[in-house]
Amino acid sequence: MNRINSLFSKLHRPALIGYLVAGDPDKEESLRLIETAIESGLDLLEIGIPHSDPIADGPVITEAHGRALSSGMTLDGLFSLVCDLRSRSDIPVVLMTYFNPVYRRGVNTFYEEAKNSGVDGVLIVDLPPEEAGDVVKIAAENDIMQIFLVTPTTDEKRLINILSVSSGYCYIVSVQGVTGMQQSEPKSIESLISRVKSRTKLPIAVGFGINSPGQVRNYINSGADAVIVGTPIVNIVKENIGQDLLIHSKLREFIQSLAVECRRDE
Amino acid sequence: MNNGKFDGFGGMFVPETLMGALHELSQAYEYYKNDKSFQDELNYYLTQFAGRPTPLTYCERLSGELGCRLYLKREDLLHSGAHKINNTLGQALLAKKMGKKRLIAETGAGQHGVASAIAGAALGLEVEVYMGEVDIARQELNVYRMELLGATVHPVKSGQRTLKDSINEAMRDWVVNLADTHYLIGSVVGAHPFPTIVRDFQTIIGHETRRQVQEREGRLPDRIIACVGGGSNSIGIFHPFLNDPVKLYGAEAGGKGLDTNEHGASLCAGEKGILHGALSYLLSDKDGQILPTHSVSAGLDYPSVGPEHSMLKDRGRVTYEAVTDDEALLAFSLLSKKEGIIPALESCHAIALAVKNKGSYESNEIVIVNLSGRGDKDLHEVARITRGEI
Ligand SMILES: Cc1ncc(COP(=O)(O)O)c(C=O)c1O
């Protein structure tokens with residue numbers, strides 16, 4: 001079974017998903033940071049493929065993409081990083097990417113390489129279901145889950161359409177904006193979560209703008225099966241670059257504080 | 001509309017957060033494009049405010065030199081000094097009908113920013129413009145102009161700090177402020193429905209040209225030449241002639257030459273890829289990272305191109321050629337000295353292509369160059385380059 005599906009079928013508590021950018025601040029340190037994050041309590045890892053023009057991302061993650069590219073991160077480097085990680089950990093791995101890197105690599109080649117290096121899911125930020133026909137098919141052929149975004153502005157018709165092509169989990173964007181922005185009213189997210197739940201059996205993951213244990217708790221109480229934390233993790237990397245010990249201890253401390261909330265009702 | 005696809009190019013490659021806004025815009029546009037009072041109002045602004053129709057000027061001296069009958073479509077004479085205002089008046093009016101209070105725009109040369117600021121001021125909408133720091137430095141006068149017109153200019157410090165990066169920032173702003181904001185994109189680029197909307201607002205150039213050349217020459221032209229950045233002035237003049245036996249030429253930014261990697265010629269030297277919501281020819285590396293571009297003209301300094309041009313290239317309907325910085329600069333002084341018209345550096349690429357084709361013209365061949373803008377904004381930069389000063 002795909003690692004994402006087996007995670008959600010076995011886990012009887014909310015899952016903690018963390019996002020880091022591959023190659024930030026460089027390939028070796030990035031792998032070490034990922035391992036620290038996993039040890040600190042992540043249940044699923046989202047790895048951002050750095051892009052020159054990450055239009056859905058706010059300043060913190062955009063800068064991280066820039067750092068990773070300047071350090072020489074490439075697609076080959078990314079897949080070898082995932083291979084290295086796979087030899088040490090069984091955590092489900094989702095690649096979060098923009099479409100052009102996938103398109104230029106060739107969709108077939110990209111998914112085969114992803115499969116071979118141990119990737120379990122792919123989320124292409126700027127690929128809505130209308131444009132995703134071939135990609136969804138190729139992902140399925142490679143037993144890779146194709147994850148899509150649902151937002152507060154997604155209407156009923158689009159929601160049905162999105163869910164019909166989604167696998168793995170449904171990613172609810174909690175803010176109308178870019179990554180790293182403050183979250184919107186918990187009430188409106190609660191109704192969005194229940195709206196999506198009424199239409200799918202897929203686990204619901206909520207992300208964008210989550211930066212404290214309190215918010216993790218709120219979303220769990222609102223019915224989320226998983227919470228996704230990105231910008232605050234990337235921000236810890238940014239603020240502590242070069243401080244070898246501090247960067248890892250801060251990351252550990254922060255992720256543990258979130259993981260506690262996910263394990264509270266165990 | 002054709003679902004936003006031009007033989008497979010174009011589309012809506014945007015994050016889900018923008019899909020609702022794009023659908024809202026599509027629906028509003030589908031309604032208003034057939035609404036007579038909307039079209040009348042737009043026509044009022046185009047004629048009584050912006051100065052349409054623009055003349056079709058016969059170039060006596062250059063015609064003799066090139067061995068053809070050379071005409072210029074004078075978009076440089078429009079209010080604001082470039083064709084961009086055809087589109088900004090159209091979209092600003094549409095935004096107002098949609099109940100939006102705020103316009104955001106990206107700008108490279110500053111012409112689209114100025115044209116947006118003008119449209120906003122005239123229609124009572126707030127305007128904020130994203131502009132790369134590099135472009136701010138080379139188009140300083142336009143920054144002052146925008147501010148004078150009441151717009152706020154936000155310097156963009158990310159990426160290469162030119163047009164592409166300004167579009168990124170405008171998209172990030174839009175996604176947050178969808179409710180009260182319209183993204184007034186400046187060319188036939190971006191996700192559906194933008195390439196179609198902008199084209200439709202710019203085709204007035206081609207419709208006027210067609211009428212004018214018929215009146216003057218009693219027939220259609222043999223060739224039409226326009227510069228291609230995002231591709232709006234070119235598609236605007238080409239579109240009404242697509243089904244006629246008229247040869248169409250697009251001049252892309254050849255920068256320092258196609259062999260140098262310092263250019264903006266996505267059609268001549270790019271490959272298919274996705275940027276800013278559309279599949280089109282694109283300058284990106286094998287990992288899909290967008291490549292840096294260069295052009296002496298800020299308005300052509302863009303790594304992709306409108307999807308309809310990609311279709312026209314693949315169909316072989318339009319011939320796209322690259323024109324270097326040096327060729328464009330020669331055209332700048334040529335048109336100034338021979339015809340008394342100082343052209344925008346962007347438009348110089350089209351003039352240079354007309355000059356390059358010298359020798360291939362049959363006598364009495366009618367050649368029309370779309371003079372997309374005037375050169376006042378470029379005086380500083382050209383003086384700096386050619387005299388090494390100011
Ligand atoms: C005078 C002028 N011509 C041409 C362009 C290029 O844009 P497009 O290819 O959309 O006409 C610009 C863009 O700023 C411009 O200012």
Side-chain angles (χ1 to χ4, degrees), chain A residues 49-59 62-63 65-66 68-69 73-78 97-106 110 123-132 148-155 157-159 161-162 171-173 175-182 184 208, chain B residues 3-5 8 10-24 156-160 163-179 181 190-192 270-280 282-293 303-304:
Chain A
I49 301 183
H51 189 47
S52 53
D53 295 80
I55 51 152
D57 286 296
T62 299
E63 279 174 37
H65 283 235
L69 289 176
M73 198 63 198
T74 59
L75 276 182
D76 287 340
L78 167 95
T97 181
Y98 289 84
F99 192 33
N100 200 45
V102 180
Y103 183 84
R104 281 303 305 270
R105 192 71 159 200
F110 182 93
L123 194 171
I124 303 177
V125 184
D126 53 352
L127 188 73
E130 288 88 338
E131 310 283 2
F148 288 87
L149 303 174
V150 167
T151 79
T153 54
T154 304
D155 66 23
K157 198 166 139 240
R158 293 192 54 73
L159 178 60
N161 200 359
I162 292 169
Y171 190 138
I172 292 187
V173 174
V175 286
Q176 183 57 38
V178 292
T179 52
M181 285 187 35
Q182 275 311 305
S184 52
F208 276 44
Chain B
N3 223 356
K5 287 287 166 71
M12 300 172 97
F13 295 90
V14 294
E16 179 60 25
T17 35
L18 279 178
M19 288 303 281
L22 292 172
H23 284 299
E24 181 195 352
V156 173
K157 300 173 170 49
S158 58
Q160 215 193 328
L163 185 55
K164 162 184 77 85
D165 312 290
S166 307
I167 297 182
N168 292 347
E169 285 311 322
M171 287 177 85
R172 289 179 180 125
D173 178 319
W174 198 33
V175 78
V176 180
N177 300 299
L178 296 173
T181 299
H192 174 71
E271 301 202 37
K272 291 175 193 174
I274 294 97
L275 178 68
H276 296 148
L279 174 68
S280 199
L282 172 68
L283 298 168
S284 70
D285 69 16
K286 62 174 185 28
D287 266 10
Q289 311 300 349
I290 312 305
L291 291 167
T293 53
S304 189

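What you are looking at is a predicted structure, and each value in this text was computed from that prediction instead of being measured. Proteins get letters first, then strands, A, B, ... in listed order; numbering begins at 1 in each.
- For A:Y103, the ring pair (Phe, Tyr, Trp, His ring centres under 6.0 Å) partners at least two apart in sequence or on another chain are A:F99.
- Of the listed residues (B:M19, B:M171, B:K286), the one with the most heavy-atom contacts under 4.5 Å to chain A is B:M19.
- Interface remark: of the candidates B:G20, B:A21, B:G273, B:G273 forms the most heavy-atom pairs closer than 4.5 Å to chain A.
- Heavy-atom distances place both the backbone and the side chain of A:P54 under 4.5 Å from chain B.
- Your options are B:A191, B:G159, B:G288, B:G277, and the one with the most heavy-atom pairs under 4.5 Å with chain A is B:G288.
- The candidate with the highest count of non-hydrogen atom pairs below 4.5 Å against chain B, out of A:D155, A:V125, A:I162, A:T153, is A:V125.
- A:R158 pairs by the salt bridge (charged side-chain N to carboxylate O under 4.0 Å, His left out) definition with A:E130, B:E16, not counting sequence neighbours.
- Between B:D287 and the options A:R104, A:R105, A:H51, a side chain to side chain contact (heavy atoms under 4.5 Å, CB included) holds for only A:R105.
- In this structure, chain A has a heavy atom under 4.5 Å from the side chain of B:L282, while its backbone stays farther away.
- For the pair B:R172 (side chain) and A:D57 (backbone), a donor-acceptor distance under 3.5 Å is present.
- Ranked by heavy-atom pairs under 4.5 Å with chain B, the list A:I49, A:L69, A:V173 is led by A:L69.
- Counted within 6.0 Å of CD on B:E271, heavy atoms from surrounding residues, nucleotides or ligands total 12 or fewer; the atom is thus considered open.
- With chain A as the partner, the residue from B:I274, B:V176, B:N168 showing the most heavy-atom pairs under 4.5 Å is B:I274.
- Of the two parts of B:D285, only the backbone, made up of N, CA, C and O, holds a non-hydrogen atom closer than 4.5 Å to a non-hydrogen atom of chain A.
- For chain A, the nearby part of B:L178 is the side chain; its heavy atoms alone come within less than 4.5 Å.
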Check: Under the side-chain contact (heavy atoms from CB on, under 4.5 Å) criterion, do B:L22 and B:V14 qualify, and how do the steps go?
Finding: CA-CA 9 Å; B:L22 292 172; B:V14 294; 3.6 Å; yes
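- At a 4.5 Å heavy-atom cutoff, B:E169 makes no contact with chain A through either its backbone or its side chain.
- When only modelled atom types and interatomic distance are considered, B:D165 and B:S158 share no side-chain donor-acceptor pair under 3.5 Å.
- Residues A:Q176 and A:P152 share a closest heavy-atom pair of OE1-CD, 4.2 Å.
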